[in-house]
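Notes to accompany the following structure.
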Amino acid sequence: MSSNHYYEERMNLQPGARELSPAAYNATIGGVLLYGFVVDAIIVKLFSGYATNMLYSMTMNYGVTLIAIMIGYAVCCVIGSLMVHRSSNPVVSFIGFNFFALPIGFVLAFATIPYYSSGVIVRAFVLTAVITGVMLLVSTLIPDTFLSMGKALFISLLVCIVVDLIALILGQDLVIVDYAVTFIFTLFVGYDWARANACAKTFDNAVDCAAELYLDIINLFLRILSILGRDN
């Protein structure tokens, strides 16, 4: 199923689906997002200390663990994406959402948080929250502007990913890519929020849209963290 066809289907109320009020729909999206962030925070709290100790005292074990986590994360993302996008059942979609949220918690705990000070992490969190709030507001006011950005955003992100991979292979650290991806995911927050509000207001669509916004916000946070970390 193509992305456009998938969203065309989501814009219409499917047979048997119950439509929510705008307030209940937005609250469901917010609740799923909050759940994902709280789960990540708990995982980070429980495992980041262990990850930091492993990084400095068991370097080889840390490397093996990190590779296993990243492979597991990639596999879980594929499974989660299929469950979220192929199912019209909100329970199945929510289980698919967990295939994103839980592995990302371990990625944060092992591959990200140990490399940054608490001050940098807090600043990145605050900046991400402020940017997200602003983009949700702006997207609510001018949704058509964001809905027209879809193709350009996907192409821009693809180019940045290719450049990032080439730089990684060559051993280069291109700060400009972090800034570019930060800007792209900032716009993606507005774009996916506009699409969320263009969909039929059902439980399943709320969970699906929350999954997309969750990935936008997490990626935005990681890039901001990378930028701030360079200054410390």
Rounded distance (nearest 0.5 Å) linking atom CG of Leu165 with atom SG of Cys160: 11.0 Å
Transitive ILVMFWY side-chain link Val122 to Ile217, under 4.5 Å: yes
Heavy-atom closest pair, residues Val120 and Gly229: CG1-N, 4.0 Å
Val32-Val91 co-clustered via ILVMFWY side chain contacts under 4.5 Å: no
Asp178: salt bridge (charged side-chain N to carboxylate O under 4.0 Å, His left out) partners, not counting sequence neighbours: Arg223, Arg230
Reported CG-to-OG1 distance for the pair Leu33 and Thr28, which is rounded to 0.5 angstrom: 11.0 Å
Same apolar cluster: Ile42 and Leu34, side chain cutoff 4.5 Å: yes
Phe203 CZ to Asn89 CG distance, which is reported to the nearest 0.5 Å: 12.0 Å
Proximity of Tyr191 and Phe185 rings by center, below 6.0 Å: no
Rounded distance [0.5 Å steps], CZ in Phe188 versus CG in Asp216: 7.0 Å
Contacts of type side chain to side chain donor-acceptor pair (under 3.5 Å), residue Tyr214, not counting sequence neighbours: Asp40
Those residues that, when tested against Ile142, pass side-chain contact (heavy atoms from CB on, under 4.5 Å) (two or more places apart): Val138, Thr145, Phe146
Under 3.5 Å donor-acceptor pairs involving side-chain atoms of residues 96-108, not counting sequence neighbours:
residue: Asn98; atom: OD1; partner: Tyr35; partner atom: OH; Å: 2.4
residue: Asn98; atom: ND2; partner: Phe94; partner atom: O; Å: 2.8

Distance, nearest 0.5 Å, that separates CD1 of Ile113 from OG of Ser48: 7.0 Å
Test item: Val181 and Asn219 side chains (from C-beta on) under 4.5 Å apart, heavy atoms: no
4.5 Å side-chain heavy-atom contact, Asn197 and Asn26: yes
Tyr179 side, atom OH; Ile227 side, atom CD1 - distance, nearest 0.5 Å: 5.0 Å
CD1 (Ile176) with more than 12 external heavy atoms under 6.0 Å: no
Heavy-atom check, side chain of Ser226 versus side chain of Tyr116, under 4.5 Å: yes
Side-chain heavy atoms of Leu220 within contact of Thr182, under 4.5 Å: yes
Show which side-chain atoms of residues 125-135 pair as donor or acceptor with protein atoms under 3.5 Å away, not counting sequence neighbours.
residue: Thr128; atom: OG1; partner: Ala124; partner atom: O; Å: 2.7
residue: Thr132; atom: OG1; partner: Thr128; partner atom: O; Å: 2.8

Cluster overlap Ile29 with Ile95, hydrophobic side-chain contacts below 4.5 Å: no
Contact check, side chains of Asp208 and His85, non-hydrogen atoms, under 4.5 Å: no
Single-linkage hydrophobic cluster, 4.5 Å side-chain cutoff, Phe221 and Ile69 together: yes
Arg195 side chain reached by Cys209 side chain, heavy atoms, under 4.5 Å: no
Nearest atoms (heavy-atom pairs only) where Val207 meets Pro90: CG2-O, 4.2 Å
CA sep, side-chain torsions, deciding dist, call: Leu82, Val78, side chain to side chain contact (heavy atoms under 4.5 Å, CB included): CA-CA 6 Å; Leu82 290 173; Val78 172; 4.3 Å; yes
Exercise: identify the closest heavy-atom pair between Ser139 and Gly190: OG-O, 2.6 Å
Matching residue for Asp204 among Ser88, Ser87, Ser93 - test: side chain to side chain donor-acceptor pair (under 3.5 Å): Ser93
Minimum side-chain heavy-atom gap Val162-Val159 below 4.5 Å: no
Partner residues of Ser21 under the side-chain contact (heavy atoms from CB on, under 4.5 Å) criterion, sequence neighbours left out: Ala23, Ala24
